[in-house]
Amino acid sequence: MAKKDDIELEIEDVVEEEKAAPKEEVDSIKEQTKKTLQKIKETVKEEDPKFSSATTLRTILGGDFLTAQMVRHHIGIIVLIVLFTIVYVAFRYQCQQDMIAIDKMEKELLDAKYKALSSNSTLTEKCRESHVLDALKNNKDSLLHVSDQPPYIINVPE
């Protein structure tokens with residue numbers, strides 16, 4: 001914006017000098033104006049500078065190699081890299097969430113196994129013959145009792 005104001009002031013000075021100056025000075029002022037306009041046109045170009053093959057560390061660190069032409073030329077690969085990066089981060093996050101869920105479920109499974117083992121041992125202890133006999137003796141109205149005769153095997157011919 002400052003350059004534009006400076007240029008406008010310079011042009012106004014040239015126009016004022018034209019009004020007060022003789023014919024020869026007017027011609028020299030017109031030439032100066034043409035030269036000034038030519039310099040302005042040279043500095044203000046709408047086209048992008050060409051990418052030179054001489055890539056140096058200075059051009060890389062300065063960012064000169066990231067011209068609009070190069071970015072336009074490689075926009076497809078840039079979009080693909082950004083897409084892959086987003087997918088990579090999303091999958092990594094999802095994987096971490098799955099690992100947390102798996103750890104939580106493994107702990108629950110281990111607790112359930114321990115509870116089942118405890119219940120199984122309690123049931124086994126209560127089903128032992130000595131505990132059943134004690135329960136039958138304590139319960140007077142039961143008709144069940146321990147046999148006085150030993151068990152014997154019945155052989156059945158085939």
Side-chain angles (χ1 to χ4, degrees), residues 1-136 138-139 144 158:
M1 190 73 176
K3 287 184 178 181
K4 185 177 178 182
D5 293 338
D6 292 340
I7 293 170
E8 288 177 1
L9 288 174
E10 188 175 328
I11 292 174
E12 287 176 7
D13 291 340
V14 170
V15 170
E16 287 178 11
E17 289 176 10
E18 274 186 30
K19 292 178 183 176
K23 177 86 170 149
E24 292 141 7
E25 289 182 20
V26 171
D27 291 338
S28 67
I29 292 172
K30 286 183 180 180
E31 287 180 32
Q32 286 178 350
T33 308
K34 287 181 184 178
K35 287 180 184 177
T36 307
L37 290 175
Q38 184 65 27
K39 286 181 183 177
I40 292 171
K41 287 180 182 178
E42 288 176 6
T43 57
V44 181
K45 292 183 180 178
E46 290 185 16
E47 61 206 35
D48 296 327
K50 301 294 181 191
F51 181 67
S52 66
S53 62
T55 306
T56 62
L57 182 62
R58 183 175 182 182
T59 59
I60 292 172
L61 293 177
D64 296 337
F65 75 101
L66 290 174
T67 60
Q69 181 182 8
M70 189 184 107
V71 171
R72 263 189 258 127
H73 186 265
H74 298 293
I75 192 72
I77 193 76
I78 292 170
V79 168
L80 187 65
I81 289 171
V82 168
L83 180 69
F84 280 155
T85 304
I86 291 171
V87 169
Y88 174 76
V89 169
F91 279 148
R92 182 178 171 106
Y93 179 76
Q94 185 62 41
C95 181
Q96 286 178 344
Q97 295 298 321
D98 291 345
M99 293 293 285
I100 291 170
I102 288 170
D103 287 343
K104 183 179 176 185
M105 287 180 186
E106 284 178 350
K107 287 179 183 176
E108 289 178 9
L109 178 64
L110 192 60
D111 289 344
K113 283 183 179 179
Y114 286 148
K115 190 180 267 187
L117 183 63
S118 175
S119 299
N120 193 11
S121 73
T122 304
L123 180 64
T124 302
E125 187 175 330
K126 288 184 179 182
C127 290
R128 288 189 182 179
E129 185 178 355
S130 60
H131 287 290
V132 172
L133 290 177
D134 288 341
L136 288 175
N138 292 337
N139 193 1
L144 296 175
E158 293 182 22

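Please read these numbers as outputs of a predicted model, since none were measured by experiment. In this chain, numbering begins with 1 at the start of the sequence shown.
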Tell me which donor-acceptor pairs under 3.5 Å the side chains of residues 88-101 have, and how far apart each pair is, sequence neighbours excluded?
from: Tyr93; atom 1: OH; to: Gln97; atom 2: NE2; distance (Å): 3.4
from: Gln94; atom 1: NE2; to: Asp98; atom 2: OD1; distance (Å): 3.2

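- Between Asp103 and Glu106, the closest side-chain pair of non-hydrogen atoms falls below 4.5 Å.
- Considering CD1 of Ile102 and CE of Met105, their distance stands at 8.0 Å, rounded to 0.5 Å.
- No donor-acceptor pair closer than 3.5 Å links the side chain of Asn139 to the backbone N or O of Ala135.
- Among the candidates Thr85, Val79, Leu83, the single residue satisfying the side chain to side chain contact (heavy atoms under 4.5 Å, CB included) test with Ile81 is Thr85.
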Taking only distance into account, with no hydrogens and no angle test, what donor-acceptor pairs under 3.5 Å do side-chain atoms of residues 117-128 form with protein atoms, sequence neighbours excluded?
from: Ser119; atom 1: OG; to: Lys115; atom 2: O; distance (Å): 3.0
from: Ser121; atom 1: OG; to: Ser118; atom 2: O; distance (Å): 3.0
from: Thr122; atom 1: OG1; to: Ser118; atom 2: O; distance (Å): 2.9
from: Thr124; atom 1: OG1; to: Asn120; atom 2: O; distance (Å): 2.8

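- The CD1 atom of Ile40 sits 10.0 Å away from atom OG1 of Thr33, with the distance rounded to the nearest 0.5 Å.
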